[in-house]
Amino acid sequence: MAPAMPPPVKLSESDLVEKISKGDEIPANFILPVEHRPEVCLTRSSDEIPVVDLAGLDGDKREEVLSVIHKACLEWGFFQVVNHGVDPSVQQYMKDQVEEFLALPVHERAPGGIRKGVASQGYGTGYVKPDTGARDWRDYFLLRTYPESMRDYETWPNRDSFRDAISKYTLEMKKLAEKLLECLSINLGLAPNALKDALGELHQDLLINHYPPCPNPSVAIGANKHTDLGGVTCLWQLDDVVGLQVLKDGEWYPVHPKPGAYIINVADMVEVASNGIYKSIQHRAVVNPAKRRVSIAAFYDLHPDAVVKPIPELVSEERPACPAVRFGDHAMKLAIETDKVGLKVVN
Ligand SMILES: O=C(O)CCC(=O)C(=O)O
Ligand SMILES: [Fe+2]
């Protein structure tokens, strides 16, 4: 039987980074040990994750587009997509609703109480990371959006337009992720549905990351370095504020937002299904001294009982099978690691 997820821990309003950020100083529990402090580089670097124009998938450029995606997956594990087919009116609707949501009083943003921990849906805030001992400089809204039966409406604000925007937006994210899984499958020499079948039923999670301005961004971090757990992630950066950094050959590369574009990354379960041909790459988000930053990540997560193993065609004598992973165990490891360090248990 699946082990029970740790119960959500409720916090008080004063735990929100948004409230803490009103002061001029960073509280000690956000300050990273020196070796973990990020270099906050806001200028363009000479090397950046590739940009792929997905419009070309439907015409005579198809082979070329697929090959750019394949190279990006091999070299970066990340790429940006433009002309991705996501309805711009749905993006605008979502953006407007998220802005309205962030302007709501906290008790309306968090009807079920402010939460801590990756296990719980609802409005919450960063927790202590085991490897740094420091809290992330971010608040977030985490919700399970597919299967629809798992939507925990008690933790969603009671606003029809917000719920409608989430429903429309997450359907677009589901379609985009499925299109990309098809491209990745073809690029791996497999049938178009191979990765989707290997991952099983979609358990989509949506994470709205809210990074308030930070008085000293060089000693804190918005999202500590991590890989994403599921199949693929589609990330939208709402503001023209640099924050995401991707690790390549031991260096952190900033990703410059392109209006309306999505940042796509290979996550852990595609690494397993592809038998390590595609790698799930570490990334993190740094914070800005003057500007808030909001990003929305749509995670192609899995049923907790889904067991992902390398797709047989990708296993050979030269490339023996990597171990199979049960998604629930993989996600639980992260939940326990982050929760056991604890923050404080109050409401
Ligand atoms: O905000 C970002 O750019 C990155 C967020 C992220 O990596 C995540 O939510 O998993
Ligand atoms: Fe991530």
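Read the numbers this way: they start at 1 and go in the same order the structure lists the ligands and their atoms. Quantities reported herein were computed from a predicted structural model and do not represent experimental measurements.
- For Arg115 and Tyr140, the positive end is not near the middle of the six-membered ring at less than 6.0 Å and at most 45° from its axis.
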Applying side chain to side chain donor-acceptor pair (under 3.5 Å) to Gln121 and Thr155, what does each step give before you reach the verdict? CA-CA 7 Å; Gln121 295 190 54; Thr155 63; 4.5 Å; no

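- For the pair Lys174 and Glu178, the salt-bridge criterion is met [side-chain N within less than 4.0 Å of a carboxylate O].
- Counting all heavy atoms, side chain and backbone alike, Glu154 lies closest to Pro111 at O-CG, 3.6 Å.
- Near Tyr211, meaning under 4.0 Å from one of its heavy atoms, ligand 1 places the atoms 1 (O), 2 (C), 4 (C), 5 (C).
- With a 4.0 Å cut-off on non-hydrogen atoms, Val255 does not touch ligand 1 at all.
- Judged by distance alone, the side chains of Thr227 and Gln282 never bring a donor and an acceptor atom under 3.5 Å apart.
- Every atom of ligand 1 with a heavy atom of Ser295 under 4.0 Å away is listed here by number and element: 1 (O), 2 (C).
- Ring centroid separation for the pair Phe101 and Phe141 comes in under the 6.0 Å cut-off.
- For Asp139 against Tyr123, the heavy-atom pair with the smallest separation is CB-OH, 3.6 Å.
- In terms of heavy atoms, Ile20 sits closest to Asp15 at CD1-O, 3.7 Å.
- Residue contact check: Arg293 has heavy atoms under 4.0 Å from atoms 1 (O), 2 (C), 3 (O) of ligand 1.
- Closer than 2.8 Å to the Fe ion (ligand 2) sit the protein N, O or S atoms His226 NE2, Asp228 OD1, His283 NE2.
- In Thr233, neither the side chain nor the backbone holds a heavy atom less than 4.0 Å from any atom of ligand 1.
- Every atom of ligand 1 with a heavy atom of Leu207 under 4.0 Å away is listed here by number and element: 9 (O).
- The neighbour count for Glu317 CD, taken as heavy atoms of other residues, nucleotides or ligands under 6.0 Å away, does not exceed 12.
- Atoms of ligand 1 found under 4.0 Å from any heavy atom of Asn209, numbered from 1 in the order shown, are 1 (O), 5 (C), 9 (O).
- Heavy atoms of Arg284 found under 4.0 angstrom from ligand 1: none, in either backbone or side chain.
- Heavy atoms only, all atoms of each residue included: Asn224 and Arg284 are closest at C-CB, 4.0 Å.
- Between Arg109 and Glu18, at least one side-chain nitrogen of the basic residue sits less than 4.0 Å from a carboxylate oxygen of the acidic one, meeting the salt-bridge criterion.
- Residue contact check for ligand 1: Arg138 places a non-hydrogen atom closer than 4.0 Å to it.
- Heavy-atom proximity to Phe299, at under 4.0 Å, picks out these atoms of ligand 1: 8 (C), 9 (O), 10 (O).
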